[in-house]
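A note on names: the letters A, B, ... follow the listed sequences, proteins ahead of strands, and every chain is numbered from 1. Note that this is a predicted model, so its numbers are computed, not measured.
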Amino acid sequence: MTENILVSVAWPYANADIHVGNITGAYLPADVFARYHRLKGNRVLMVSGTDAHGTPITVRADAEGLSAEEVYKRYHRRFLDLFVKYGLTYDLFTTTHTENHFKVSQDIFLALKENGFLYTQTEKQWYAPGKGRFLPDRYVEGECYLCHYPNARGDQCDNCGSLLDSTQLINPRAKGGGDLELRETEHFYLDLGKLAPALADYLNAGKDHWRPNVINRSRQDVTELRGRAITRDLDWGIPVPVDGWRETGKCLYVWFEAVIGYFSASIEWSRNNGQPDAWKDWWYNPNAKTYYFIGKDNIPFHAVIWPAQLIGARRLYESDASKTLNLPYDVPANEFLNLEGQKISGSRNWAVWGLDAAERYDADALRYYLIANMPEARDADWSWSEFVARNNNELVATWGNLANRMLSFAHKNFEGEVPDPGNLRPEDRELLAAVEAGFDSVGELLGAVKLRAALGEALRVASEVNRYLDVRAPWSEIKTDRVAAAKTVFTALNAIDSLKTLFAPFLPFSSERLHQYLGHGGSLFGAQKIVAYDESSGSHEALTYDRSGAVGKWQPSKLKPRQVLHPPAPLFKKLEEAVAEEEVARLHGAG
RNA sequence: GGCGACGUAGCUCAGCGGUAGAGCAGGGGACUCAUAAGCCCUUGGCCACAAGUUCAAAUCUUGUCGUCGCCA
């Protein structure tokens with residue numbers, strides 16, 4: 001039965017480049033999962049985009065003398081390039097700065113308002129009369145009222161680390177000068193307390209497949225929910241769709257509108273593809289499964305607050321009153337990746353940047369290490385020496401070498417063709433059965449989002465083929481019994497052809513090449529394309545996935561005798577030990 | 001301070017009520033198709049600590065300590 005699978009992926013924030021921790025935390029597991037389901041023949045929709053709004057972006061824009069729009073576009077473009085290099089196959093990677101997203105976010109807001117889940121409240125905030133606008137907390141500095149550090153930021157003290165209430169700062173001053181005064185301002189709040197009972201019902205039923213850290217934390221959070229402000233005094237964002245509000249420079253708070261991106265991007269994808277209602281197959285079909293791939297810092301927003309927004313909005317663009325928007329089926333959040341034992345820090349440049357690493361290493365080598373070492377249950381550590389060791393000992397030695405040794409052997413001894421085996425021996429059938437079982441065992445682990453275990457299982461299957469070859473020893477058979485050697489080589493090539501598929505979700509580039517080496521036509525997956533989409537107020541670039549022409553199937557090989565093989569080449573590169581030292585030195589030199 | 005996850009072989013982790021497991025690293029061996037890769041054998045652990053429940057506990061309960069994170 002074909003399933004509808006929505007793969008929702010965390011939205012990178014447009015004020016910093018992406019590092020390996022971000023990739024392994026959310027983007028890569030989502031891609032592996034999406035590719036697996038596509039091979040299974042399921043209908044996959046993988047969406048995300050750049051989170052373009054909010055104060056940190058205006059801060060950076062001010063610092064660089066650019067507009068907020070220029071800043072977001074620069075990072076957005078770099079995200080697109082990185083995703084192409086790592087083969088992350090978003091059906092649509094868009095941005096929150098589109099007319100479509102504005103409209104959908106405002107409509108969700110209005111639905112929540114209409115359904116009685118919003119209320120307003122007045123609070124005091126810093127206002128700059130000279131500039132005629134309210135200042136975000138981090139634009140106000142002063143003495144910390146807790147530790148008396150003289151240069152604390154309004155939102156947080158850099159000295160004692162405490163989160164601050166900016167109105168309590170001692171001797172407050174505006175960053176960059178100018179007058180400052182406290183003024184009353186009114187904001188909308190999401191009434192999470194009112195939504196708590198429905199949320200508790202949702203989180204207490206049928207969540208056995210959720211990771212313990214995700215479900216336990218979320219159940220705890222629901223017990224202490226309070227209203228939360230969803231608007232801000234800010235000009236870079238989505239205007240509040242209420243008369244008298246949009247005129248006074250009030251916007252939807254980024255945390256509120258960014259998560260709506262999963263929904264708006266699904267709608268945009270449908271429109272871009274000329275099937276404006278297609279998104280409903282993922283959002284209203286109760287049998288569709290929706291997954292949210294995020295880092296652990298985002299758990300409350302995806303397992304509690306986003307479901308609250310969906311429950312409160314109930315339905316949108318749907319007249320059938322019996323239907324409600326689908327809530328997350330699973331939120332397989334990953335923990336964090338450290339680097340050489342220390343926390344990754346972009347500002348201290350203690351990071352392995354995605355685009356930089358892709359300059360020097362193949363995407364599949366990076367993908368392999370990031371999946372084998374994925375922080376699924378606890379924080380993990382990126383170590384360059386481990387990267388080199390696992391690349392050489394596991395990826396190259398067990399899998400790359402298996403493919404290369406057998407293709408080379410077939411090329412030299414069977415005129416570059418798949419030999420005709422005649423009748424297979426029991427031991428040949430046994431091996432093929434063991435490989436075939438891998439489609440169930442690897443597939444089951446992938447379906448349960450246990451990606452490192454799934455990759456380990458695929459590698460174990462590859463080891464079985466290595467063992468089979470050692471027992472059969474076709475290099476000996478060929479000297480005395482060419483027919484026996486033909487059976488062995490046929491069987492091994494068949495197994496390798498199947499392994500190509502088992503590894504494909506993890507290592508798509510090398511599997512694609514192996515597919516060609518084995519003499520098949522077509523490609524396993526579709527193609528990534530960067531496309532510009534026009535709206536009446538402007539255009540935005542997006543990453544898309546064209547699935548037409550993809551021939552990959554999650555099925556054992558049906559390799560034909562006499563199929564012509566292409567001249568083989570090693571799938572992966574062995575790395576020098578010195579690479580690890582060079583990279584660590586680079587890390588320290590740069591920091 | 002409250003809460004959560006985690007703490008198992010040198011390293012990375014699986015097991016989560018019934019005689020301690022895998023991969024890598026270390027040691028030994030036979031082979032040579034292959035990126036000196038692969039294969040076979042092997043060294044190695046009071047399962048953080050302490051009490052309790054049970055015929056039986058890495059596995060359940062409680063407490064302590066440690067790591068990471070969230071909240072205040």
Select one nucleotide: of [options], the one nearest the side-chain heavy atoms of [X].
X	options	answer
A:Asp379	B:C68, B:A34, B:C39	B:C68
A:Arg226	B:U12, B:A34, B:A72	B:A72
A:Lys343	B:C39, B:A14, B:G69	B:G69
A:Glu386	B:C33, B:C68, B:U12	B:U12
A:Asn404	B:A34, B:A5, B:C68	B:A34
A:Asp470	B:U35, B:A34, B:C39	B:C39
A:Lys412	B:U35, B:G69, B:C33	B:C33
A:Asn213	B:A72, B:A34, B:A5	B:A5
A:Arg217	B:A72, B:G4, B:U35	B:G4

Identified stems (criterion: three or more consecutive Watson-Crick or G-U pairs, under 3.5 Å), RNA chain B: B:1-7 with B:65-71, B:10-13 with B:21-24, B:26-29 with B:39-42, B:48-52 with B:60-64
To the nearest Å, how far apart are [X] [atom1] and [N] [atom2]?
X	N	atom1	atom2	result
A:Ile299	B:G4	CD1	P	14 Å
A:Lys207	B:G4	NZ	P	20 Å
A:Leu469	B:C40	CG	P	12 Å
A:Asp221	B:C70	CG	C1'	8 Å

Presence of A:Asn401 side-chain N/O under 4.0 Å of B:U35 phosphate oxygens OP1/OP2: no
B:U35 OP1/OP2 closer than 4.0 Å to side-chain N/O of A:Arg405: no
From A:Tyr361, A:Trp382, A:Trp384, residue fulfilling ring-ring contact (aromatic ring centres under 6.0 Å, His included) relative to A:Tyr369: A:Trp382
Heavy atoms under 4.0 Å, any strand shown: does [X] hit a base, just sugar-phosphate, or nothing?
X	value
A:Lys574	base
A:Leu571	base
A:Ala380	nothing

Aromatic plane relationship, A:His37 with A:Phe33 - under 30° parallel, 30 to 60° tilted, over 60° perpendicular: perpendicular
Parallel, tilted or perpendicular: rings of A:Phe414 and A:Phe409 (30°, 60°): tilted
Taking the [atom1] atom in each of [N] and [M], what is the distance between them to the nearest angstrom?
N	M	atom1	answer
B:A58	B:G7	P	15 Å
B:U54	B:U59	C1'	13 Å
B:G23	B:C39	P	10 Å

Most 5' of A:Arg390 and A:Phe572 on RNA chain B, judged by nearest nucleotide: A:Arg390
Given RNA chain B, 5'-ward residue of the pair A:Ala569 and A:Pro300, judged by closest heavy atom: A:Ala569
Exercise: identify the closest heavy-atom pair between A:Arg390 and A:Tyr368: O-CE2, 4.0 Å
Atom of A:Arg513, atom of A:Leu571 and distance for their closest heavy-atom approach: NH2-O, 2.6 Å
Assigned glycosidic conformation for B:C68 [threshold 90° from 0]: anti
Validation row, ring centre A:Tyr139 to ring centre A:Trp126 under 6.0 Å: no
Ring-base stacking, A:Trp475 with B:C33 (5.5 Å, 30° cut-offs): yes
Donor-acceptor pair under 3.5 Å, A:Arg378 side chain vs B:C6 base: no
Would you tell me whether [X] and [Y] have side-chain atoms, one donor and one acceptor, within less than 3.5 Å of each other?
X	Y	value
A:Arg472	A:Tyr468	no
A:Thr185	A:Gln125	no
A:Trp306	A:Tyr292	yes
A:His302	A:Tyr262	yes
A:Asn334	A:Arg211	yes

Hey, what are the protein-to-nucleotides 22-25 of chain B N/O distances that come in under 3.5 Å?
unit_1 : atom_1 : unit_2   : atom_2 : d
B:C24  : O3'    : A:Asn393 : ND2    : 3.4

